[in-house]
Amino acid sequence: MSTPHSTKRWIGALAGLSLCTATLGADPSDDHVPYGIVIHGGAGTITRSALGPEKEAQIRAKLTEAVNAGYSVLEKNGSSLDAVVAVIELLEDSPLFNAGIGAVYTDDARHELDASIMDGATRQAGAVASVTTVRNPIRLARAVLEQSEHVFLSGSGAEAFARSIGLPAVENDLFDTPFRRQQLERARDQADAIRPDQKFGTVGAVALDRHGNLAAGTSTGGMTRKRFGRIGDSPVIGAGTFADNESCAVSATGHGEFFIRYVVAYDICARVRYRNERLVDAADAVVLEQLRDVGGSGGVIAIDRRGNMAMPFNTEGMYRASRRVGEPPVVGIYSERAESDSQ
Ligand code: ASP
């Protein structure tokens with residue numbers, strides 16, 4: 001009798017096999033698949049004056065570097081899963097974003113990190129929540145996908161799994177930054193437990209590779225002054241992250257409680273799959289109508305199997321970048337109009 005683990009691997013292998021059959025004959029070196037990548041670095045109250053030219057330049061440079069890193073994986077015939085991980089690791093290592101180093105603080109002044117990843121070819125997924133000693137949570141999420149019999153691990157169990165696969169433990173203060181500490185102090189001065197109006201800074205990526213496979217991933221420190229133990233949407237498959245070759249790949253950022261309740265990432269892909277909506281219409285309907293109407297601030301990035309991309313947000317800004325086959329990267333922070341006005 002097979003164990004659940006071996007069953008999972010077996011199902012994965014079978015799905016991979018049928019996919020290979022479906023893509024057999026496709027020349028991986030040609031550009032018929034409109035491969036591409038979209039990334040985000042969070043959404044929220046991002047204004048030119050609040051950001052300042054120096055920080056804006058740093059963020060644009062890091063987004064460009066990250067989107068190019070992901071694109072170069074795809075260009076070299078790498079998988080969408082590899083491209084997503086390459087982007088997210090780079091952003092986790094940057095103090096500019098709320099993921100890995102630079103993560104926001106919990107109410108008790110620590111960092112609890114959440115991440116998830118999903119493979120659109122097999123619908124395998126891996127997620128971790130409330131992780132405190134893993135430098136790159138996206139790497140751990142991927143290991144859950146590939147090396148465990150489970151989809152979602154949390155807290156000390158996730159840490160123990162990290163050790164078992166050889167990911168070293170780091171001190172929690174590795175993630176400290178003065179900027180996030182100030183945000184915590186400011187939030188403590190306010191009556192609100194969390195500040196949904198503030199810039200969030202979660203990171204994510206969605207990609208379509210040359211074999212026509214989609215993937216999505218998201219990584220975050222959550223929300224400033226969150227209660228310890230609070231888990232947002234980012235590691236919740238279907239809420240903050242979703243990928244399925246039959247529809248689309250989505251990574252979200254914003255006020256997680258809303259994104260969980262409205263199952264945002266899956267809802268967008270379900271509209272594409274079952275109602276045949278265009279990706280951009282589905283993403284706009286969920287983010288600019290449904291979520292906005294109920295006060296759920298944030299945005300998403302999405303890509304479908306034809307390489308269509310969507311990046312709607314209902315906040316003032318969203319750090320984002322995209323790159324399509326054969327084209328240079330496009331980076332944005334403010335609304336489309338504000339971006340084109342500045343060019
Ligand atoms: N969605 C994340 C959370 O609620 C926060 C963010 O996107 O910045 O944990």
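Note that ligands are numbered from 1 as they come in the structure, with each ligand's atoms numbered from 1 the same way.
Counting the atoms of ligand 1 from 1 in the order shown, those under 4.0 Å from a heavy atom of Asp233 are 1 (N), 2 (C), 3 (C), 4 (O). Within ligand 1, counting atoms from 1 as listed, the ones closer than 4.0 Å to a heavy atom of Gly222 are 5 (C), 9 (O). Residue Thr202 approaches ligand 1 through these ligand atoms, each under 4.0 Å from one of its heavy atoms: 2 (C), 5 (C), 6 (C), 7 (O), 8 (O).
Applying the ring pair (Phe, Tyr, Trp, His ring centres under 6.0 Å) test to residues at least two apart or on different chains, the pairs with a partner in residues 263-316 are Phe242-Tyr266. Residue pairs meeting the disulfide bond (SG atoms under 2.5 Å apart) criterion with at least one member in residues 218-314, sequence neighbours excluded, are Cys248-Cys269.
Residue Ser234 touches ligand 1 through its side chain alone, judged by heavy-atom distances below 4.0 Å.
Some N or O of Thr253 is nearer than 3.5 Å to an N or O of ligand 1, by distance alone. Below 3.5 Å of separation, one finds no N or O of Asp114 facing any N or O of ligand 1.
Counting heavy atoms only, Gly254 comes closest to atom 2 (C) of ligand 1 of the residues Gly254, Ser219, Gly256. Comparing heavy-atom distances from atom 9 (O) of ligand 1 across Arg230, Glu257, His40 singles out Arg230 as nearest.
Side chains of His111 and Asp173: no donor on one and acceptor on the other come within 3.5 Å.
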Can you list the steps and then say if Arg180 with Asn98 is a side chain to side chain donor-acceptor pair (under 3.5 Å)? CA-CA 9 Å; Arg180 296 295 180 194; Asn98 170 20; 5.2 Å; no
Under the salt bridge (charged side-chain N to carboxylate O under 4.0 Å, His left out) criterion, do Glu146 and Arg142 qualify, and how do the steps go? CA-CA 6 Å; Glu146 288 176 338; Arg142 186 182 189 164; 3.1 Å; yes
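A side-chain hydrogen bond (donor to acceptor under 3.5 Å, both in side chains) with Asn245 is found for exactly one of Asp119, Thr122, Asn213, Asp304, namely Asn213.
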